[in-house]
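Here the structure is laid out as structure tokens; the discussion comes afterwards.
Each ligand, and each atom within it, is numbered from 1 in the order the structure gives.
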Amino acid sequence: MKVILAQPRGFCAGVVRAIEIVEQALAKYGAPIYVRHEIVHNGYVVESLKAKGARFVESLAEVPSGARTIFSAHGVARSVEDEAAALGLPVLDATCPLVAKVHSQGERYVQQGRSVVLIGHAGHPEVEGTMGRIPGPVHLVQCEADVEALALAPDEPLAYVSQTTLSVDDTKLIIAALERRFSDIVGPETKDICYATQNRQSAVRQLSQLVDVILVVGAKNSSNSNRLREIGTEAQVPTFLIADKSELDLESLRGAGIVGLTAGASAPEILVEEVIEALRGLGPLELSMLPGEEENIEFKLPAELLDH
Ligand code: 2E6
Ligand code: F3S
């Protein structure tokens, strides 16, 4: 069997920073440290941090009085920040700087007197955070049909922002639909879909031209990982999103001569290595890696943790 690894794959700079914030907070302040929502959408990461003393909650009501609390990489609504302040919780914010950038763009558009259209998936924590940051009307659209259904005048002053982990191709179509329907609409000069999402999508598309099957290592609730699975499937390659080697269906791979392997932005490389080891159990394996976009983006930790 040949295995081809996509490049880049796995951790992005925002995920590295968010995990580092939890680890540094544990080192500086000691356990327990509370984290609102999974710090990133990956069970292995969450369990590893739990073992070091992090406690994960979905609501601030579950945090004991005065306990140090971290907001996840996906960001939070202003109301959550206000609730933490009202409860007097010391907070560290692990919101990815690229999500925070979308928040400020949205706020700027409202200051300019525009209503905001947010392109994203309902119910996703990043979308809830972004909607709850924009101090004016926000219209959520998930697909082109939602654009047609918007009850807004064609000359309404509008602006669009998006979730950071969407399909680049689907989002282009939605933006085109918005621009067809509305005469006074603006959007970010550089798209809100982050560099890591774009690079991982390009890499899996390239991979899909070369392989019989694609395995995407990532959690079922990880938006960016699901988008990678969709790209493989759309390219007519059987594509499986697996949390780790335990979800590998070796039987379904037996006929596959070339397997493509990638990982979502929140999936640690050790899970990819374990999948490769499991594949070695099927017989001799030839491993190679695609050339791909080099990434050297790093985000600074919050000042409070820098002196540690
Ligand atoms: C924060 C923002 C974007 O589900 P999604 O892909 O958004 O999140 P993760 O945790 O799987 O990936 C990292 C991330 C964090 N992406
Ligand atoms: Fe940030 Fe993109 Fe990663 S928004 S957390 S760099 S997937």
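With respect to the salt-bridge test (charged N to carboxylate O, under 4.0 angstrom), the residues Glu81 and Arg133 qualify. Checked for salt-bridge contact, Glu47 and Lys50 meet the test: a charged N lies under 4.0 Å from a carboxylate O. Residues Glu304 and Arg68 are paired through a salt bridge, judged by an N-O separation under 4.0 Å between the basic side chain and the carboxylate.
Of all the heavy atoms of Asn221, the ones lying under 4.0 Å from any atom of ligand 1 belong exclusively to the backbone. With a heavy-atom cut-off of 4.0 Å, Val99 touches ligand 1 through its side chain alone. The proximity of Cys96 to ligand 1, defined as any non-hydrogen pair under 4.0 Å, does not occur for either the backbone or the side chain. Of the heavy atoms in Asn224, both backbone and side-chain atoms come closer than 4.0 Å to ligand 1.
Remark: the Ser223 side chain and the Arg227 side chain contain an N/O donor-acceptor pair separated by less than 3.5 Å. For the residue pair Asn199 and Glu295, a side-chain donor N or O sits within less than 3.5 Å of a side-chain acceptor on the partner.
Annotation for ligand 2: atoms under 4.0 Å from non-hydrogen atoms of Cys12 are 3 (Fe), 5 (S), 6 (S), 7 (S). Interface atoms of ligand 2 facing Thr164, defined by a heavy-atom separation under 4.0 Å, are 4 (S). Close contacts between ligand 1 and Glu126 involve ligand atoms 2 (C), 3 (C) [criterion: under 4.0 Å to a heavy atom]. Short contacts between ligand 1 and Ala73, defined as distances under 4.0 Å to a heavy atom of the residue, involve ligand atoms 1 (C), 15 (C).
Scanning the protein for heavy atoms near atom 16 (N) of ligand 1, the closest one is Thr165 CG2, 3.6 Å. From the protein, the heavy atom lying nearest to atom 13 (C) of ligand 1 is Val15 CG2, 3.5 Å. The closest protein non-hydrogen atom to atom 9 (P) of ligand 1 is Ser266 OG, 3.5 Å. Of the protein's non-hydrogen atoms, His74 CD2, 3.5 Å is the one closest to atom 15 (C) of ligand 1. Shortest contact from atom 7 (S) of ligand 2 to any protein heavy atom: Cys194 SG, 3.5 Å.
Grouping Ile, Leu, Val, Met, Phe, Trp and Tyr by side-chain contacts under 4.5 Å, direct or through others, puts Val161 with Val102, Tyr109, Val110, Val116, Leu118, Val127, Met131, Ile134, Val138, Leu140, Val186.
Among the atoms of His41, some N or O lies under 3.5 angstrom from an N or O of ligand 1. Looking at ligand 1, you'll find an N or O of Ser223 within less than 3.5 Å of one of its N or O atoms. For ligand 1, the polar-atom distance check finds no N/O of Thr164 at less than 3.5 Å from any of the ligand's N/O atoms.
Between atom 7 (O) of ligand 1 and the options Gln163, His121, His124, the minimum heavy-atom separation is to His124.
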